[in-house]
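I have placed the structure first, in the form of structure tokens, so that the comments after it can refer back to it.
Counting convention: from 1, in listed order, for ligands and their atoms alike.
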Amino acid sequence: MLILGINMFHADASAAIVQDGEVVFAIAEERLNRVKHYAGFPALAVKACLDAVGASIIDVDHVAVGQDTDANLAEKVEYALANPAKILNFIRLRRRKEAMRDVRSLLAEALDIDAKQLHFREHHVEHHIAHIASAYYCSPWDKAASFSYDGSGDFVSTMMARCEGNEIEILERVFLPHSLGSFYTMICEFIGYKKYGDEGKVMGLAPYGKDTYCEQVRAIVGLKNGGFQLDLSYFKPLGSNQGMQLLPDGTVRMARHFSDRMVKLFGEPNETHAEITRRDMDLAYAMQDRFEEAFFHLLDRLHQRVSIENLAMAGGCALNSVANGKVFSHTPFRSTWIQPAAGDEGLAIGAALYTYHSVLKQPRCYIMKNSYLGPEFSDSRIECDLKKANLSFRKLEREPLLEAVAEKIATGNVLGWFQGRMEWGPRALGNRSILAHPGLSKMKDILNARIKHREWFRPFAPSIVAERQSEYFDHDHPSPFMLHVYKIRPERRAQLCAVNHVDNTGRLQTVSRDENPLYYDLIRAFERNTGIPIVLNTSFNENEPIVCAPAEAIDCFKRTLMDALAIGPFLVLKNEN
Ligand SMILES: [Fe+2]
């Protein structure tokens with residue numbers, strides 16, 4: 001049975017293909033059309049999914065979309081009636097969404113096929129149910145508490161569920177305009193980070209701040225009886241577009257979230273990416289602090305209702321790895337499984353798996369053991385692309401390649417590492433990564449000056465071989481998808497200075513040999529050179545979506561000051577080109 005999952009006309013449009021219950025291939029459209037956070041129809045991703053299983057759209061039995069415009073209609077109408085100025089906008093939006101709902105026509109057009117030939121059944125899965133399914137149905141558990149939170153989706157910002165076997169029982173929904181995602185976005189915008197997806201950047205700023213504004217910011221998010229309510233006087237009224245607008249070119253424009261009350265309290269807002277001041281750092285600190293308090297408050301409530309130690313999570317806010325790292329010490333949960341594509345690209349997998357298990361009642365048979373669900377490229381294709389780029393290179397066997405790469409990194413070089421299938425989700429996890437020595441004090445500045453050009457306050461992340469985690473970090477719960485931040489042990493901080501953030505933490509990826517043998521063996525080879533079982537790992541890109549195909553990696557290598565590129569079995573050196 002083939003199920004095609006889709007996230008469309010929503011940020012991070014994507015597609016996934018599920019064959020007899022197993023996620024075989026999944027990819028966000030941005031990786032193929034190179035438009036970051038693309039929010040149109042994922043035509044290229046759908047084609048890539050079908051190619052991966054050698055099928056045509058005619059062979060697909062079910063198509064599942066992670067959006068249901070009919071969901072929570074009563075709450076939408078209630079909100080519109082209470083805000084008469086918005087009624088016309090709501091009607092307009094609903095009409096536009098109707099046209100976007102016609103999956104059959106959209107697929108027929110994208111794949112140039114007669115719609116009459118398509119025999120699939122169509123399913124629309126509510127946004128947060130799809131998020132929850134993307135976590136629970138990929139986890140190894142047959143019983144879990146599940147939590148999803150983000151800006152908004154289908155008029156909901158937060159969902160709690162009890163998951164057991166093939167059942168996802170929804171326990172609670174928090175409706176708009178109350179949203180922890182909107183709260184976070186609002187303050188990020190205020191301090192000049194206004195693009196969709198900028199929230200993750202500001203998370204790195206928070207530890208530079210102090211508790212100057214914690215009391216004031218606490219007042220924005222009220223916590224009571226296991227729930228939360230925003231003080232809406234700090235926000236612009238919710239428009240027809242739930243805080244963002246999809247532009248015709250598929251990009252997303254954020255609407256202004258903050259009201260004049262924020263300006264009265266905290267002064268003038270920043271222009272885009274203005275210089276960061278003490279005020280901004282302290283606001284970021286207070287924002288992260290209140291976000292975490294609200295998150296733990298909600299998780300306590302969830303645990304009261306589902307008294308189990310396993311927590312399955314998704315939704316864009318579940319990418320807050322700082323909050324995730326504190327779950328074990330601040331809530332009763334002892335184990336997390338977080339969907340690597342916790343943001344909205346994950347809806348494609350969630351909608352498909354929800355259809356398979358919850359709608360069609362098919363038994364559980366799949367665990368997502370790694371995130372390598374994207375395309376891979378043959379050695380001959382890579383070689384051909386290297387020759388086209390006029391690069392000189394050497395082809396090496398596995399062991400000599402690992403030794404050469406480890407030696408390059410150990411001696412302070414910055415190396416592009418392109419291997420196997422591309423990662424699913426926003427993190428590069430050792431297949432489309434740029435690697436460097438984690439213990440060289442200048443490495444952060446070198447990476448930023450030469451390639452990444454990121455804000456000074458954003459840390460770089462470490463990849464560590466899984467069994468050595470507790471020697472270096474203060475927590476041993478694994479973090480295979482780089483979604484937890486833990487303290488680095490005091491005696492290891494100097495050794496990891498390039499990945500040690502200002503608060504002595506690191507957003508680690510634990511690498512086990514089962515999940516990625518080549519990357520694991522590379523880190524081991526690096527350890528033989530340096531005594532450190534850790535490499536610095538940042539995504540393979542330069543202000544663009546992470547590279548997907550060899551030509552994009554080669555192009556990034558050529559236009560930046562990267563020292564070396566290991567692409568498949570080929571090693572390319574800048575000083576030989
Ligand atoms: Fe979402």
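- The Fe ion (ligand 1) has His127 NE2, His131 NE2, Asp150 OD2, Asp344 OD1 as its protein N, O or S neighbours under 2.8 Å.
- When side chains are defined from C-beta on, Tyr356 counts as touching Met1, because their heavy atoms get closer than 4.5 Å.
- Note that the NZ atom of Lys36 and the CD atom of Glu30 stand 5.0 Å from one another [nearest 0.5 Å].
- Scored by the ring pair (Phe, Tyr, Trp, His ring centres under 6.0 Å) test, Tyr234 finds no partners at all (sequence neighbours excluded).
- Pairs engaging residues 304-331 under the salt bridge (charged side-chain N to carboxylate O under 4.0 Å, His left out) rule: Glu172-Arg305, Glu292-Lys326 [sequence neighbours left out].
- With rounding to the nearest 0.5 Å, the separation of CG in Leu298 from CE in Met159 is 13.5 Å.
- Residue pairs meeting the salt bridge (charged side-chain N to carboxylate O under 4.0 Å, His left out) criterion with at least one partner in residues 342-368, sequence neighbours excluded, are Glu167-Lys361.
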